[in-house]
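Letters A, B, ... are given to chains in the order of the sequence lines, protein chains preceding strands, and every chain is numbered from 1.
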Number of protein chains: 2
Amino acid sequence: MSNAKKIVIADDEPDILEILEFNLSAEGYEVTTAKNGDEAIEKAKRTSPDLIILDIMMPGKTGIEVCNLLRMMPPFKDTLIIFLTAMSDESTEIKGLETGADDYLTKPISSKILLSKVNSLFRRLNKEESTIVKIGDIEIDREKYIVKKKGEDIILARKEFELLALLASKPGKVFLRNEILNQIWGTEVIVGDRTIDVHIRKIRQKLEMDCITTVKGVGYKFEL
Amino acid sequence: MSNAKKIVIADDEPDILEILEFNLSAEGYEVTTAKNGDEAIEKAKRTSPDLIILDIMMPGKTGIEVCNLLRMMPPFKDTLIIFLTAMSDESTEIKGLETGADDYLTKPISSKILLSKVNSLFRRLNKEESTIVKIGDIEIDREKYIVKKKGEDIILARKEFELLALLASKPGKVFLRNEILNQIWGTEVIVGDRTIDVHIRKIRQKLEMDCITTVKGVGYKFEL
DNA sequence: ACCCAATGTTATAGTATTATCAAATTGTTA
DNA sequence: TAACAATTTGATAATACTATAACATTGGGT
């Protein structure tokens, strides 16, 4: 899966770095580590991570300074940032949140809590972004009602779009004709047999690709 | 449109309820309180809050149970939920996060921390709503109710303005007719289908641009 | 290789949706 | 309250979408 979430962790304590990296990697995240603030910024620029975990107390730039710098750069305007802090000092916590961090964790860190928190943050983010589906050259945006192939817009009518979106929602899965009818036309409306075929044909025509496969006697599936 | 964020707080301790309500109200939030889980669900259904704060330990349903129930209801799929817990018990914290809560706070609660956290959570959500929106030649100022095209003022009537502002708030996104009706006219008022069309037409006329695209059978979107 | 059911193709007619205009209603301001 | 602007509605025209019929083709089973 190339869509593994990327995380950059910055902490000056090698032990912590290692523990966090181990745990997050085990969970399937793509982890990059940094020993200090500057390295964190540099790695962030290079890897475009989905989440940045910053220790507040670091030699050189503090996590808060790093966060401030990152927030000034457009690519990191909305990137998730979590602070790590040994202090249970309230004012620090607040400063952190108001700097634009999305959360903070207090050391000593329980890996279970960290993972929960990370997963939880991503869960929220995923919901917002699930409107866009990318499969190879094809990009389907449910919100914008747009289908793109290699960046070029392809105009689909409503039913065509819905049908494609349905099939593409689970690439590889074979959708039975009945399933498709229920999902797109609903149970009340009854349409003839050829209706689905015709829509499928139009999609194939417009996409100019063979990404919808017929499974005879069963249904259709979206692939490649 | 009163766009004050609404919050429902559930806790069985009246003191805490009062403190939280006081602080959050002072910050401009619209607070509703509930003494137990069932009441929380009921109030949530009635007020459609933006955030729900749940004490975990409550007589009757626990906060976790309430959260589970809420998450099953479509309207609350994405609502922010924060847990309040007296326990620093790690397993509880994790159970909370994995239930679908967005964060948790440990009692005793510092109101400053609470406010920071709440503000921080909403900040992320609010990014979309900056008062001035610029898209190409067009500039929309929600506060001053002014639209400019290449620096020149364009005078739009209120509904026209609101409609344009709505569409432009998420360029590219297709707004369903129902969505538009709910956002601009509200659920109580019922207007005919032609109303939207006519307003769209006037906006197009006054802007002298083709920036509003019709997606037949779906809705309208603002582009370019 | 043949058959037959399932699917592909095409053109077309019917339908639903939207654009446009004018007129009616409501709201606002002097 | 008159005058004017804003909003809504209804009728009608223009348009795009969809379903279907009729026919062609395919491919698996025997």
Which pairs pass ring pair (Phe, Tyr, Trp, His ring centres under 6.0 Å) with one or both residues in [range], sequence neighbours excluded?
range	answer
residues 19-69 of chain B	Tyr29(B)-Phe122(B)
residues 203-224 of chain B	none
residues 160-196 of chain B	Tyr145(B)-Phe161(B), Trp185(B)-His199(B)

Given DNA chain D, 5'-ward residue of the pair Lys159(A) and Val191(B), judged by closest heavy atom = Val191(B)
Using the closest heavy atom to pick a nucleotide of DNA chain D for each, name whichever of Leu156(A) or Trp185(B) lands nearer the 5' end.
-> Trp185(B)
Across all chains, not counting sequence neighbours, the salt bridge (charged side-chain N to carboxylate O under 4.0 Å, His left out) partners of Lys148(A) are none
Salt bridge (charged side-chain N to carboxylate O under 4.0 Å, His left out) involving Arg177(A) - partner list, sequence neighbours excluded | Asp197(A)
Any side-chain heavy atom of Pro49(A) sitting closer than 4.5 Å to one from Thr32(A)?
-> no
Side chain proximity check, Asp55(B) to Leu17(B), heavy atoms < 4.5 angstrom = no
Looking for any heavy atom pair under 4.0 Å, which part of the strands does Lys216(A) touch: base, sugar-phosphate only, or nothing?
-> base
Quantify the bending of the helix from dA1(C)-dT30(D) to dA30(C)-dT1(D) as the angle between its end axes, each fitted on five pairs, to 10°.
-> 40°
Set of side chain to side chain contact (heavy atoms under 4.5 Å, CB included) partners for [X], sequence neighbours left out:
X	result
Lys206(A)	Ile154(A), Leu156(A), Glu160(A)
Val218(A)	Val174(A), Leu176(A), Val215(A)
Glu223(A)	Thr213(A), Lys221(A)

Given the rule in the side chain to side chain contact (heavy atoms under 4.5 Å, CB included) test, do Leu167(B) and Ile200(B) qualify, once you have shown the distances and angles that lead to the verdict?
-> CA-CA 10 Å; Leu167(B) 295 180; Ile200(B) 291 281; 4.0 Å; yes
When the distance from CD1 of Ile212(A) to P of dT9(C) is rounded to whole Å, what number comes out?
-> 12 Å
Which nucleotide of DNA chain D is the first, and which the last, in the 5' to 3' direction, to come under 4.0 Å of a heavy atom belonging to chain A?
-> dC17(D) to dG27(D)
Footprint string (nucleotides 24-30 of chain C, 5' to 3'): B base within contact, S backbone only, - free, heavy atoms under 4.0 Å | -------
Tyr220(A) side chain N/O closer than 4.0 Å to the phosphate oxygens (OP1, OP2) of dG8(C)?
-> yes
Return no unless some side-chain N or O of Thr214(B) is found under 4.0 Å from OP1 or OP2 of dT17(C).
-> no
Which residues, if any, of residues 194-209 of chain A bring a heavy atom under 4.0 Å of DNA chain C?
-> Arg194(A), Asp197(A), Val198(A), Arg201(A), Arg204(A)
Evaluate the side chain to side chain contact (heavy atoms under 4.5 Å, CB included) criterion for residues Glu13(B) and Leu84(B): first the C-alpha distance (whole Å), next the side-chain angles of each, then the deciding distance (0.1 Å), finally the verdict.
-> CA-CA 12 Å; Glu13(B) 298 172 66; Leu84(B) 249 42; over 6 Å; no
Output, in order, the C-alpha distance, side-chain angles, deciding distance and verdict of side chain to side chain contact (heavy atoms under 4.5 Å, CB included) for Val66(A) and Ile52(A).
-> CA-CA 10 Å; Val66(A) 173; Ile52(A) 301 170; 5.9 Å; no
